[in-house]
**Student:** 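Sharing a structure, written as structure tokens. Questions coming.
A quick note: this is a predicted structure, and the numbers were derived from the prediction, not measured.
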Amino acid sequence: MTKYYLPLALAAAMALPTFAAAHAQNQPPQRIVVTGEGEKSVAPDLALLSLSVMREAKTAREALDANNDAMAAVIAAMKAAGIEDRDMQTSGIQIIPRYNYNTKPDGSQEAQLVAYQVTNTLSVRVRDLAKAGDILDKSVSLGVNQGGGITFTNNDPSAALTEARKMAVKNAIDKAKVLSEAAGVQLGRVLEITDQTFQPRPMPMAKSVAYDSAGAVPVQAGENSYNVQVNVTFEIK
């Protein structure tokens with residue numbers, strides 16, 4: 001090797017360990033990613049009712065007037081049962097013409113206006129679940145004759161969600177320990193945590209059918225389950 005290349009070779013040899021160390025420092029740490037699950041079930045403390053009144057008459061005005069009278073009686077009954085104004089909300093009003101279709105001799109159809117149907121739907125929050133059955137029965141007696149349903153939920157599910165998150169993180173840590181032990185590596189610090197919350201699905205009590213009052217409606221509230229999934233990334237030492 002000539003004298004010209006010798007200093008360059010020595011400089012390169014001395015720089016290799018430094019470059020290798022810097023390169024190793026820039027490498028992302030080895031990691032393990034696990035999904036943990038947690039579930040907390042609690043009794044509901046709120047019932048959501050959907051009450052619909054439908055009235056039919058020859059004219060839209062007559063149908064609306066009849067519907068107004070019936071819905072006013074329902075709202076008055078709700079207030080008498082202790083339901084506050086903030087827990088009642090009109091969720092829809094429909095005015096629909098009803099036709100009969102007659103087939104003419106040439107095969108075409110002729111539409112004949114028969115009546116107008118007016119439907120008013122009231123959403124009600126019942127905070128005393130013991131009253132839910134009686135309120136449903138009373139509303140039917142006063143004119144609710146369409147739609148309807150009941151869904152049980154929780155006014156503030158934050159405590160249940162907190163417990164579900166704690167369970168999910170613990171579940172993720174337990175899984176990571178099992179996997180790291182099986183792989184013969186040492187589990188390091190937590191690098192990242194993300195979570196997903198799954199609210200309980202609505203469980204309506206009744207489908208959209210006409211009612212026929214025959215005593216207080218039997219109601220079973222059951223429980224609501226709040227589910228949380230967490231994705232946890234651990235460093236592998």
**Student:** Verify the cluster assignment for Ile150 and Ile75: are they in a single hydrophobic cluster under the rule of side-chain heavy atoms below 4.5 Å apart?
**Tutor:**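 Same cluster.
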**Student:** Between Asn224 and Phe152, what is the shortest heavy-atom contact and its length?
**Tutor:**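 Taking Asn224 first and Phe152 second, the nearest heavy atoms are ND2-O, 3.4 Å.
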**Student:** With rounding to the nearest 0.5 angstrom, report the CG to CZ distance, Asn145 to Arg55.
**Tutor:**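 Those atoms lie 5.0 Å apart.
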**Student:** With sequence neighbours excluded, what pairs up with Ala80 under the side-chain contact (heavy atoms from CB on, under 4.5 Å) test?
**Tutor:**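 Not a single residue meets the side-chain contact (heavy atoms from CB on, under 4.5 Å) criterion with Ala80.
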**Student:** Residues two or more places apart in sequence or in another chain: which of them pass side-chain contact (heavy atoms from CB on, under 4.5 Å) with Val190?
**Tutor:**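 Partners of Val190 under the side-chain contact (heavy atoms from CB on, under 4.5 Å) test: Ile193, Val232, Phe234.
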**Student:** Can you name the closest pair of heavy atoms from Val34 and Ala172 and give their distance?
**Tutor:**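 The answer is CG2-O, 3.4 Å.
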**Student:** Count I, L, V, M, F, W, Y as connected when their side-chain heavy atoms are under 4.5 Å apart, and connections chain through other members. Are Ile83 and Met71 then in the same cluster?
**Tutor:**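 They do share one cluster, since a chain of ILVMFWY contacts under 4.5 Å joins Ile83 to Met71.
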**Student:** Applying side-chain contact (heavy atoms from CB on, under 4.5 Å), can you list everything that pairs with Val114, at least two apart in sequence or on another chain?
**Tutor:**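 Here the qualifying residues are Arg98, Asn100.
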**Student:** Can you check whether Glu223 reaches Val42 side chain to side chain, under 4.5 Å on heavy atoms?
**Tutor:**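 A side-chain contact under 4.5 Å is absent here.
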**Student:** Please check if the side chain of Asn120 supplies one atom and the backbone of Thr90 the other of a donor-acceptor pair under 3.5 Å.
**Tutor:**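 Not a single qualifying donor-acceptor pair exists.
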**Student:** Locate the shortest heavy-atom distance separating Val169 from Val230; write the atom from each residue and the value.
**Tutor:**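 Closest heavy-atom pair between Val169 and Val230: N-CG2, 3.9 Å.
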**Student:** Under 4.5 Å between any side-chain heavy atoms of Leu64 and Arg61, yes or no?
**Tutor:**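 Of all side-chain heavy-atom pairs linking Arg61 with Leu64, at least one is under 4.5 Å.
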**Student:** If every non-hydrogen atom of Arg125 is compared with every non-hydrogen atom of Arg86, which pair is closest and at what distance?
**Tutor:**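 Shortest heavy-atom contact: NH2-O, 2.7 Å.
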**Student:** What residues, two or more places apart in sequence or in another chain, satisfy side-chain hydrogen bond (donor to acceptor under 3.5 Å, both in side chains) together with Thr119?
**Tutor:**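 Counting only residues at least two positions away or on another chain, Thr119 forms no side-chain hydrogen bond (donor to acceptor under 3.5 Å, both in side chains).
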**Student:** Do Met54 and Ile96 land in one hydrophobic cluster if side-chain heavy atoms of ILVMFWY residues count as linked below 4.5 Å?
**Tutor:**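 No, separate clusters.
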**Student:** What I'd like to find out is whether the side chain of Leu48 reaches to under 4.5 Å of the side chain of Ser123, using heavy atoms alone.
**Tutor:**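 Result no, sub-4.5 Å side-chain heavy-atom pair not found.
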**Student:** Working to the nearest 0.5 Å, report the span between CD of Glu37 and CE of Met167.
**Tutor:**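 Answer rounded to 0.5 Å: 13.0 Å.
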**Student:** Less than 3.5 Å apart, which donor and acceptor atoms pair up between the side chains of residues 176-184 and the rest of the protein, not counting sequence neighbours?
**Tutor:**
| unit_1 | atom_1 | unit_2 | atom_2 | d |
| --- | --- | --- | --- | --- |
| Ser180 | OG | Ala176 | O | 3.0 |
| Ser180 | OG | Lys177 | O | 3.0 |

**Student:** Is there a chain of hydrophobic side chains (I, L, V, M, F, W, Y, each step under 4.5 Å between heavy atoms) that links Met88 to Ile135?
**Tutor:**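 Linked, Met88 and Ile135 end up in one cluster.
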**Student:** With a 3.5 Å distance limit and no angle check, can you tell me whether Asp195 reaches the backbone of Val228 through a side-chain donor-acceptor pair?
**Tutor:**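 No: the side chain of Asp195 does not pair with the backbone of Val228.
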**Student:** How far does OG of Ser91 sit from CG of Leu122, to the nearest 0.5 angstrom?
**Tutor:**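 Here the interatomic distance stands at 7.0 Å.
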**Student:** Using atom types as modelled and distance alone, determine if a side-chain donor or acceptor of Lys131 lies under 3.5 Å from a backbone N or O of Ala81.
**Tutor:**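 A pair under 3.5 Å: yes.
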**Student:** I'd like to know if the side chain of Asn154 reaches the main chain of Ala43, judged simply by a donor and an acceptor atom lying under 3.5 Å from each other, with no hydrogens or angles considered.
**Tutor:**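 Side chain of Asn154 to backbone of Ala43, a donor-acceptor pair under 3.5 Å: yes, one is there.
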**Student:** Given Gln94 and Val118, is the side-chain contact (heavy atoms from CB on, under 4.5 Å) satisfied, shown in steps?
**Tutor:** CA-CA 6 Å; Gln94 288 184 322; Val118 175; over 6 Å; no
**Student:** With rounding to the nearest 0.5 angstrom, report the CG to CD1 distance, Leu187 to Ile173.
**Tutor:**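 Spacing of CG (Leu187) from CD1 (Ile173) equals 8.5 Å.
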**Student:** Nearest 0.5 Å, please: how far is CD1 in Ile32 from CG in Leu191?
**Tutor:**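 The CD1 atom of Ile32 is 11.5 Å from CG of Leu191, to the nearest 0.5 Å.
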**Student:** Which residues pass the side-chain contact (heavy atoms from CB on, under 4.5 Å) test with Ser158, not counting sequence neighbours?
**Tutor:**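 By the side-chain contact (heavy atoms from CB on, under 4.5 Å) rule, Ser158 matches Asp156.
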**Student:** Taking atom CD as the centre, does Gln109 end up with more than 12 heavy-atom neighbours from other residues, nucleotides or ligands that are less than 6.0 angstrom away?
**Tutor:**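 Yes, CD of Gln109 has more than 12 neighbouring heavy atoms, counting only those of other groups under 6.0 Å.
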**Student:** Got a second to check how far Leu142's CG is from Leu51's CG, nearest 0.5 Å?
**Tutor:**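 Going from CG on Leu142 over to CG on Leu51, the span is 10.5 Å.
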**Student:** Closest heavy-atom contact between Ala111 and Tyr101?
**Tutor:**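 For Ala111 and Tyr101, the tightest heavy-atom pair comes out as CB-CE2, 3.5 Å.
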**Student:** Identify the heavy atoms of Leu129 and Ala47 that sit nearest to each other, and give their distance.
**Tutor:**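 Minimum heavy-atom separation between Leu129 and Ala47: CD2-N, 3.5 Å.
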